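All remarks here apply to the structure that follows.
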Amino acid sequence: MREKPAITADGYCTNTDQGQGAELVDRGWQSGQMRPWKTSTEDDLRRLLNEWDPLGVADDVQDEYDCMLAPLLQRLCSGAGPNEISVFLRHELEDHFGLDPLGLRPDTMAAHIIDWWKTACPANGVAGA
């Protein structure tokens, strides 16, 4: 079993197996918390969410799903697997956006996010994937 990644004192989200991680690019992004991923990683996840576009507004509103970026990246950096990501997406669809997740396929989107994360941040990996 792989150990979960951890945020080190020098601001890296590291996989303790490999000792590598995403560079900390912004200290204090929200309420004094650190953001342990690159801006390009955030931009790539934004593009992925906009391609999914459950509200059908991404062509007009590029930041509609930005509310999910930090929570998703925090989960991924902590080693979340596809089930945890799917549960989060389902919750956001229902409770935040007021959508019925049936037909929006949050499980499929979670798998896409996990696959992207493995490619975007291979040193971080994902627990239980």
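All values derive from a computational prediction rather than experimental measurement. These values consider heavy atoms only, across backbone and side chains, with no hydrogens, waters or symmetry-generated copies.
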Closest approach of A110 and S86, non-hydrogen atoms and distance? CB-N, 3.5 Å
Please evaluate residues L93 and D100 with respect to the criterion side chain to side chain contact (heavy atoms under 4.5 Å, CB included), reporting the C-alpha separation (whole Å), side-chain torsions for both, the decisive distance (0.1 Å), and the verdict. CA-CA 7 Å; L93 290 171; D100 181 354; over 6 Å; no
Under a 3.5 Å distance rule, please check whether D63 uses its side chain to pair with a backbone N or O of D66 as donor and acceptor. no
For H91, what residues pass the side chain to side chain contact (heavy atoms under 4.5 Å, CB included) criterion, not counting sequence neighbours? D95
Could you tell me whether a side-chain N or O of N50 sits under 3.5 Å from a main-chain N or O of Q62, the two making a donor and an acceptor? yes
Interatomic distance, E84 atom CD to L89 atom CG [nearest 0.5 angstrom]: 11.0 Å
Considering non-hydrogen atoms only, spot the tightest contact between W116 and T41 and give its length. CZ2-O, 3.4 Å
Measuring from L73:CG to M68:CE, what's the distance to the nearest 0.5 Å? 11.5 Å
Just wondering, do P54 and F97 contact through their side chains at under 4.5 Å, heavy atoms? no
Could you check W52 against T108 for side chain to side chain contact (heavy atoms under 4.5 Å, CB included), going step by step and ending with a plain yes or no? CA-CA 10 Å; W52 181 40; T108 301; over 6 Å; no
Taking every heavy atom of L48 against every heavy atom of M109, the minimum-distance pair comes out as O-CE, 3.5 Å
Between S78 and Q74 (side chain of the first, backbone of the second, donor and acceptor by atom type, cut-off under 3.5 Å), is there such a pair? yes
Main-chain N/O of V87 paired with N83 side-chain donor or acceptor, under 3.5 Å: no
Working to the nearest 0.5 Å, report the span between CD1 of I113 and CG of L72. 5.0 Å
Enter the distance from D53:CG to Y65:OH here, rounded to the nearest 0.5 Å. 3.5 Å
For R105, does the CZ atom have more than 12 heavy-atom neighbours from other residues, nucleotides or ligands under 6.0 Å away? no
Please name the pair of heavy atoms, one in P101 and one in P106, separated by the smallest distance, quoted to 0.1 Å. O-CD, 3.7 Å
Any side-chain heavy atom of D107 within less than 4.5 Å of one from R90? yes
Straight-line distance of I114 CD1 to I85 CD1, nearest 0.5 Å: 5.0 Å
Mind checking the CG-CD spacing from D59 to E64? Nearest 0.5 Å is all I need. 12.5 Å
